[in-house]
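Note sheet for the following structure.
Just so we're on the same page: letters track the sequence lines, and every chain starts at 1. As a basis for the values below, the full set of heavy atoms in this structure was taken, side chains included, without hydrogen atoms, waters or symmetry mates.
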Amino acid sequence: MAEDSKPRVRVPRSATAGEAFEIKTLISHKMESGQRKDSDGNTIPRSIINHFSCDFNGENVIQVVLHGAISTNPYFQFEAVIQESGTFTFTWNDDSGSVYTDSKDITVG
Amino acid sequence: MSFTRRDTLVMGAGAAAAAMLPMPGLAGAWEDAIAAFADGGEITDGGVEFTAPEIAENGNTVPISVSAPGAVAIAVFAAGNPNPEVVEFEFGPLAGSQSGSTRCRLAATQDLYALAKMPDGSVRQAIATVKVTIGGCGG
């Protein structure tokens with residue numbers, strides 16, 4: 001699913017140092033759970049995003065371990081708190097070994 | 001081979017017994033998963049805010065959110081899913097709060113367990129029951 005997984009991230013453009021703000025992420029992915037069967041009765045093998053992490057200037061904000069019970073197009077909402085301007089990097093890893101990334105700059109004013 | 005009445009009864013009883021057997025196994029699956037996450041820590045109620053809908057019309061996307069101030073990690077388990085693990089949030093030094101939201105799949109009406117691991121190794125728990133309307137048509 002490498003070609004049609006498109007990450008979308010919402011981060012405010014600016015933030016106040018030391019004040020928590022919200023980040024929302026969404027990535028298009030089939031998240032095949034490994035529970036479904038095709039029309040011939042064969043189990044469709046699991047193919048999901050199994051790990052997500054968000055870092056800021058090399059320091060970790062959150063890591064998420066995903067299992068088969070996470071919906072198609074996994075969505076996450078969480079909070080971060082930063083002290084200086086910099087770049088958020090977002091990384092999704094899936095079962096096939098593909099890695100999807102996105103990044104967002106933010107200014108502390 | 002022809003089936004006598006007796007054979008049929010015996011087979012029926014056997015099938016019923018076989019149908020009963022997986023139940024303790026399934027119940028054990030989520031308990032084992034929770035025990036593995038707790039890692040020997042004492043599980044107590046409270047200290048975790050767990051938001052899930054009472055009724056989910058579509059079991060494919062059930063919004064859930066968890067929050068536990070001071071937690072190192074929060075995991076969600078679904079007792080009635082074929083695989084009990086749902087999601088696990090691990091908070092880094094820049095996390096603004098120990099909370100997270102996502103959407104999950106639920107196979108049927110069941111209890112969800114949110115467990116928060118605290119820095120001292122203890123575990124806090126919150127339970128939510130979600131009714132899942134299969135097919136999402138309200139029927």
Problem - Region of B:A95 that comes under 4.5 Å of a non-hydrogen atom in chain A - result: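 Contact with chain A involves both backbone and side-chain atoms of B:A95.
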Group every Ile, Leu, Val, Met, Phe, Trp and Tyr by side-chain heavy-atom contacts under 4.5 Å, then state whether [X] and [Y] land in the same group.
{"X": "A:V61", "Y": "A:V108", "value": "yes"}
{"X": "B:I34", "Y": "B:I127", "value": "yes"}
{"X": "B:I55", "Y": "B:L106", "value": "no"}
{"X": "A:L26", "Y": "A:F52", "value": "no"}
{"X": "B:M118", "Y": "B:V123", "value": "no"}

Handout entry: Atom group of A:I23 that falls short of 4.5 Å from chain B, counting heavy atoms
Key =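 Neither part, no heavy atoms under 4.5 Å.
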Practice task
Check each atom of A:I62 against the heavy atoms of chain B and say whether the ones under 4.5 Å are side chain, backbone, both or neither.
Solution key: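 When you check distances to chain B, atoms from both the backbone and side chain of A:I62 fall under 4.5 Å.
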Exercise for the section: Not counting sequence neighbours, which residues clear salt bridge (charged side-chain N to carboxylate O under 4.0 Å, His left out) with A:R13? List them please. Expected result: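 Residues passing salt bridge (charged side-chain N to carboxylate O under 4.0 Å, His left out) with A:R13: none at all.
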Practice task
For residues A:V64 and B:V87, determine if any side-chain heavy atom of one lies less than 4.5 Å from a side-chain heavy atom of the other.
Solution key: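 Yes, close enough: below the 4.5 Å cut-off.
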Practice task
Only pairs at least two apart or in different chains count here, so list each ring-ring contact (aromatic ring centres under 6.0 Å, His included) that has a residue in residues 46-72 of chain B.
Solution key: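 Residue pairs passing ring-ring contact (aromatic ring centres under 6.0 Å, His included), neighbours aside: none found.
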Exercise for the section: Report the distance from atom CZ of A:F78 to atom CZ of B:F91, rounding to the nearest 0.5 Å. Expected result: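 Output value for this atom pair is 10.0 Å.
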Practice task
Sequence neighbours left out, what passes side chain to side chain contact (heavy atoms under 4.5 Å, CB included) with A:V81? Give chain and number order.
Solution key: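 Once residues adjacent in sequence are excluded, A:V81 has no partner under the side chain to side chain contact (heavy atoms under 4.5 Å, CB included) criterion.
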Chain B against chain A: donor-acceptor pairs under 3.5 Å:
{"from": "A:M31", "atom 1": "O", "to": "B:R105", "atom 2": "NH1", "distance (Å)": "2.9"}
{"from": "A:M31", "atom 1": "O", "to": "B:R105", "atom 2": "NH2", "distance (Å)": "2.7"}
{"from": "A:N60", "atom 1": "O", "to": "B:L94", "atom 2": "N", "distance (Å)": "3.2"}
{"from": "A:V61", "atom 1": "O", "to": "B:G92", "atom 2": "N", "distance (Å)": "2.8"}
{"from": "A:Q63", "atom 1": "N", "to": "B:E90", "atom 2": "O", "distance (Å)": "2.8"}
{"from": "A:Q63", "atom 1": "O", "to": "B:E90", "atom 2": "N", "distance (Å)": "2.7"}
{"from": "A:V65", "atom 1": "N", "to": "B:E88", "atom 2": "O", "distance (Å)": "2.8"}
{"from": "A:V65", "atom 1": "O", "to": "B:E88", "atom 2": "N", "distance (Å)": "3.0"}
{"from": "A:H67", "atom 1": "N", "to": "B:V86", "atom 2": "O", "distance (Å)": "3.3"}
{"from": "A:G68", "atom 1": "O", "to": "B:R105", "atom 2": "NH1", "distance (Å)": "3.0"}
{"from": "A:A69", "atom 1": "O", "to": "B:R105", "atom 2": "N", "distance (Å)": "2.5"}
{"from": "A:I70", "atom 1": "O", "to": "B:R105", "atom 2": "NH1", "distance (Å)": "3.4"}
{"from": "A:S71", "atom 1": "N", "to": "B:R103", "atom 2": "O", "distance (Å)": "3.2"}
{"from": "A:S71", "atom 1": "OG", "to": "B:N60", "atom 2": "O", "distance (Å)": "2.6"}
{"from": "A:S71", "atom 1": "OG", "to": "B:R103", "atom 2": "O", "distance (Å)": "3.4"}
{"from": "A:S71", "atom 1": "OG", "to": "B:C104", "atom 2": "N", "distance (Å)": "3.4"}
{"from": "A:S71", "atom 1": "OG", "to": "B:C104", "atom 2": "O", "distance (Å)": "3.2"}
{"from": "A:T72", "atom 1": "OG1", "to": "B:R105", "atom 2": "NH2", "distance (Å)": "3.2"}
{"from": "A:Y75", "atom 1": "O", "to": "B:T102", "atom 2": "OG1", "distance (Å)": "2.7"}
{"from": "A:Q77", "atom 1": "N", "to": "B:S101", "atom 2": "O", "distance (Å)": "3.0"}
{"from": "A:Q77", "atom 1": "O", "to": "B:S101", "atom 2": "N", "distance (Å)": "2.9"}
{"from": "A:E79", "atom 1": "O", "to": "B:G96", "atom 2": "N", "distance (Å)": "2.7"}
{"from": "A:E79", "atom 1": "OE1", "to": "B:S97", "atom 2": "OG", "distance (Å)": "2.6"}
{"from": "A:V81", "atom 1": "N", "to": "B:L94", "atom 2": "O", "distance (Å)": "2.9"}

